[in-house]
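First the structure, in the form of structure tokens, and then the observations on it.
Chain letters run A, B, ... following the sequence lines, proteins first and then strands; every chain starts at 1.
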2 protein chains.
Amino acid sequence: MKTYASLQWQNGILRLLDQRLLPHQQSYLDLKSVYEVAAAIREMAVRGAPVIGVAAAYGMVLAALQNEINSLQELQTILKNSAQVLVASRPTAVNLSWAVQRMLKAADEPGLRTIADLRDRLLREANDIAAEDSRTNRLIAQNAFPLVPDTANFIHHCNTGGLATVDYGTALGIIRFAHENGKKVHVYVDETRPRLQGARLTAWELSQLGIPHSVIVDGASGFLMQHHKIDLVTVGCDRVASNGDVANKIGTYNLAIVAKAHGVPFYVAAPTSTIDPSIKTGHEIPIEEREPSEVSQIGTETILPKHSAVFNPAFDITPAAYITAIITEAGIACPPYEKTLPLLLKKAQTIHRNCS
Amino acid sequence: MKTYASLQWQNGILRLLDQRLLPHQQSYLDLKSVYEVAAAIREMAVRGAPVIGVAAAYGMVLAALQNEINSLQELQTILKNSAQVLVASRPTAVNLSWAVQRMLKAADEPGLRTIADLRDRLLREANDIAAEDSRTNRLIAQNAFPLVPDTANFIHHCNTGGLATVDYGTALGIIRFAHENGKKVHVYVDETRPRLQGARLTAWELSQLGIPHSVIVDGASGFLMQHHKIDLVTVGCDRVASNGDVANKIGTYNLAIVAKAHGVPFYVAAPTSTIDPSIKTGHEIPIEEREPSEVSQIGTETILPKHSAVFNPAFDITPAAYITAIITEAGIACPPYEKTLPLLLKKAQTIHRNCS
């Protein structure tokens with residue numbers, strides 16, 4: 001069934017599907033240095049909070065594999081610098097720094113005596129992070145299954161599928177699992193301006209998977225809900241604050257407000273790696289502002305007059321009050337999230353420890 | 001200041017600015033038959049509820065001017081058929097049928113004895129409709145003036161400027177008038193997918209007029225309001241039901257919901273010609289569904305996989321409960337609209353009678 005892989009590690013090379021060229025071209029980038037990985041993340045050849053975390057982990061491996069490292073100490077310095085380069089590539093998703101921190105922690109373990117030891121350890125950790133992501137996705141999908149009606153019309157925002165993860169998807173994984181397990185699924189894919197991840201990526205993945213779908217403009221969600229066409233909304237996320245506020249692709253907040261106005265459940269699919277217990281509310285999450293050309297240019301087409309300004313925030317914050325539930329690999333968190341999220345974080349540690 | 005005209009009548013030819021080519025090219029279409037006018041409306045070379053009403057009125061004149069009409073009776077038949085062709089060109093905006101009905105009524109006046117009489121009468125009526133539109137726009141802008149704060153950050157949806165009308169604009173006229181009369185105005189122009197009237201047309205008009213503006217994607221309105229960047233929202237409309245429900249460009253309803261959630265005033269600018277007292281609520285307004293290519297293609301760029309379906313409603317209905325006020329040439333209607341709209345309709349008749 002699967003005819004594409006967002007990310008593969010092949011003998012010292014990180015191979016990434018270049019998502020900028022989809023849906024028209026399935027082309028891969030072979031990355032050999034941490035700088036190439038950071039550039040691929042920054043330029044969004046690879047995007048999606050979970051997979052950029054994994055890509056960054058392999059970026060750390062590439063940093064460690066570079067030639068002419070003469071001592072363990074030098075390698076540690078290289079890793080610390082590489083961590084900064086990677087984390088700076090995109091500010092909003094927490095998975096990036098989460099994965100990099102895990103790699104640094106692994107590198108600091110006692111008993112790593114040689115450069116080769118450390119390289120092995122880092123590769124094992126990156127492979128673990130990738131395997132966890134894959135396992136996590138399937139658990140999220142299974143956990144969400146009872147929430148999906150037997151006949152389910154979804155709205156899905158942005159892309160949260162096999163492209164945004166190592167291989168199954170978070171919010172799109174929920175849809176996929178429901179479809180694969182006999183529910184009658186139809187997805188209204190909102191196109192997700194400005195970068196059109198819905199139109200370009202999610203529609204492409206759903207086509208590959210044979211899941212019925214219709215693309216809509218972002219502004220049509222209210223129309224559909226007013227006509228009782230939508231049973232539930234599923235989105236992914238880039239960071240969850242302790243109080244359950246969620247940072248996700250621009251347009252998520254509008255969709256959540258519109259869903260609430262119609263009493264439509266609004267579910268956020270979130271690997272626990274996306275939860276950031278270090279921040280209390282969404283106000284503390286940095287919002288990346290990206291270049292005007294994302295709005296003013298579509299492919300080779302310029303849609304704006306020459307001198308018009310653009311304001312292009314890449315993410316928004318959906319307050320917890322708009323979120324029906326947050327679905328993680330360790331179970332479903334309902335409000336009050338301050339209480340339910342810490343329990344799931346604890347449970348997730350056990351799950352991943354038992355599986356690794 | 002004005003360097004463009006949406007529509008001009010020149011010696012038996014209806015000259016229209018081809019809005020499909022903006023902002024890159026300012027090119028005019030010279031239309032010589034009612035069928036050409038209907039096609040220009042259907043294909044959206046001309047769009048905007050007020051101006052398509054005026055274009056249709058001149059379309060009726062063109063129908064009357066065709067050669068080889070041998071009797072008044074034949075001319076009346078031609079007019080009735082032409083009316084049907086024009087009204088069928090777009091179903092949602094009521095101005096189209098309103099203007100065409102006015103033309104039929106004028107053609108039915110007693111005392112029109114010759115074909116030449118009738119042709120003169122029709123041209124006079126079309127000119128009156130155009131002049132009324134222009135007058136109406138300025139009155140809407142003046143009526144709204146006290147509602148605009150001295151420093152005002154707007155969100156504006158779709159295009160409602162000089163392009164959508166004969167020459168000043170409805171919702172954009174409000175912005176323009178406030179700017180011209182010393183208020184400090186900034187406009188967040190939402191791009192208005194799928195046809196990008198905000199990005200292509202409104203940004204272009206604001207550039208021409210020297211009004212500060214920033215283009216945003218439709219999904220960014222909530223972000224801006226959450227950050228207290230927006231003082232008011234202004235939109236135009238295609239039809240107002242007796243209860244104050246409003247049909248307007250897809251995405252309007254989402255914007256209204258988001259505005260209400262943030263306590264931001266949501267104003268609809270509506271010439272009284274847009275009010276349809278024959279229908280009780282928005283449920284009765286037919287919603288045009290347009291071709292998938294409006295979503296799947298942007299210029300020469302295809303953004304969707306080949307086999308993905310598209311759902312593309314061109315308008316939505318914003319229930320009256322979301323509308324702070326409806327601003328007409330005859331004054332401002334506040335809820336309950338069932339009571340206030342009929343008063344303004346009556347007052348509008350006096351205004352236009354006294355001015356013509």
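- At a 4.5 Å heavy-atom cutoff, the contact between B/I287 and chain A is made by side-chain atoms alone.
- The minimum heavy-atom distance between A/I216 and B/F311, with the atom names listed, is CG2-O, 3.7 Å.
- For B/L224, the part sitting under 4.5 Å from any heavy atom of chain A is the side chain, from C-beta outward, and nothing else.
- Contact tally against chain B (heavy-atom pairs below 4.5 Å) for A/V189, A/V295, A/I298: the top residue is A/I298.
- When heavy atoms are compared at a cutoff of 4.5 Å, B/P194 approaches chain A by way of both its backbone and its side chain.
- Proximity to chain B (any heavy atom under 4.5 Å) is restricted, for A/L196, to the side chain, taken from C-beta onward.
- Atom CD1 in B/I257 sits 10.5 Å away from atom CG in A/L255 (nearest 0.5 Å).
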Which N or O donor-acceptor pairs, by atom type, sit under 3.5 Å across chain A and chain B?
unit_1: A/H24; atom_1: NE2; unit_2: B/T302; atom_2: O; d: 2.5
unit_1: A/E191; atom_1: OE1; unit_2: B/R193; atom_2: NE; d: 3.3
unit_1: A/E191; atom_1: OE1; unit_2: B/R193; atom_2: NH2; d: 2.6
unit_1: A/E191; atom_1: OE2; unit_2: B/R193; atom_2: NE; d: 2.7
unit_1: A/R193; atom_1: NE; unit_2: B/E191; atom_2: OE1; d: 3.3
unit_1: A/R193; atom_1: NE; unit_2: B/E191; atom_2: OE2; d: 2.7
unit_1: A/R193; atom_1: NH2; unit_2: B/E191; atom_2: OE1; d: 2.6
unit_1: A/S207; atom_1: OG; unit_2: B/S308; atom_2: OG; d: 3.3
unit_1: A/H213; atom_1: NE2; unit_2: B/S308; atom_2: OG; d: 2.7
unit_1: A/V215; atom_1: N; unit_2: B/A309; atom_2: O; d: 2.8
unit_1: A/V215; atom_1: O; unit_2: B/F311; atom_2: N; d: 3.0
unit_1: A/D218; atom_1: O; unit_2: B/N254; atom_2: ND2; d: 3.4
unit_1: A/G219; atom_1: O; unit_2: B/G251; atom_2: N; d: 3.4
unit_1: A/S221; atom_1: OG; unit_2: B/N254; atom_2: ND2; d: 2.9
unit_1: A/G222; atom_1: N; unit_2: B/N254; atom_2: OD1; d: 2.9
unit_1: A/Q226; atom_1: NE2; unit_2: B/I317; atom_2: O; d: 3.1
unit_1: A/G251; atom_1: N; unit_2: B/G219; atom_2: O; d: 3.4
unit_1: A/Y253; atom_1: OH; unit_2: B/H262; atom_2: NE2; d: 2.6
unit_1: A/N254; atom_1: OD1; unit_2: B/G222; atom_2: N; d: 2.9
unit_1: A/N254; atom_1: ND2; unit_2: B/D218; atom_2: O; d: 3.4
unit_1: A/N254; atom_1: ND2; unit_2: B/S221; atom_2: OG; d: 2.9
unit_1: A/H262; atom_1: NE2; unit_2: B/Y253; atom_2: OH; d: 2.6
unit_1: A/T300; atom_1: N; unit_2: B/E301; atom_2: OE1; d: 3.4
unit_1: A/E301; atom_1: OE1; unit_2: B/T300; atom_2: N; d: 3.4
unit_1: A/T302; atom_1: O; unit_2: B/H24; atom_2: NE2; d: 2.6
unit_1: A/S308; atom_1: OG; unit_2: B/S207; atom_2: OG; d: 3.3
unit_1: A/S308; atom_1: OG; unit_2: B/H213; atom_2: NE2; d: 2.8
unit_1: A/A309; atom_1: O; unit_2: B/V215; atom_2: N; d: 2.8
unit_1: A/F311; atom_1: N; unit_2: B/V215; atom_2: O; d: 3.0
unit_1: A/I317; atom_1: O; unit_2: B/Q226; atom_2: NE2; d: 3.1

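- For chain A, the nearby part of B/P23 is the side chain; its heavy atoms alone come within less than 4.5 Å.
- Counting heavy-atom pairs closer than 4.5 Å to chain B, the top-ranked of the candidates A/L22, A/L201, A/I317 is A/I317.
- For the residue pair B/L304 and A/A199, the shortest heavy atom distance occurs at CD2-O, 3.3 Å.
- For the set A/P212, A/G299, A/A256, the count of heavy-atom pairs under 4.5 angstrom toward chain B peaks at A/G299.
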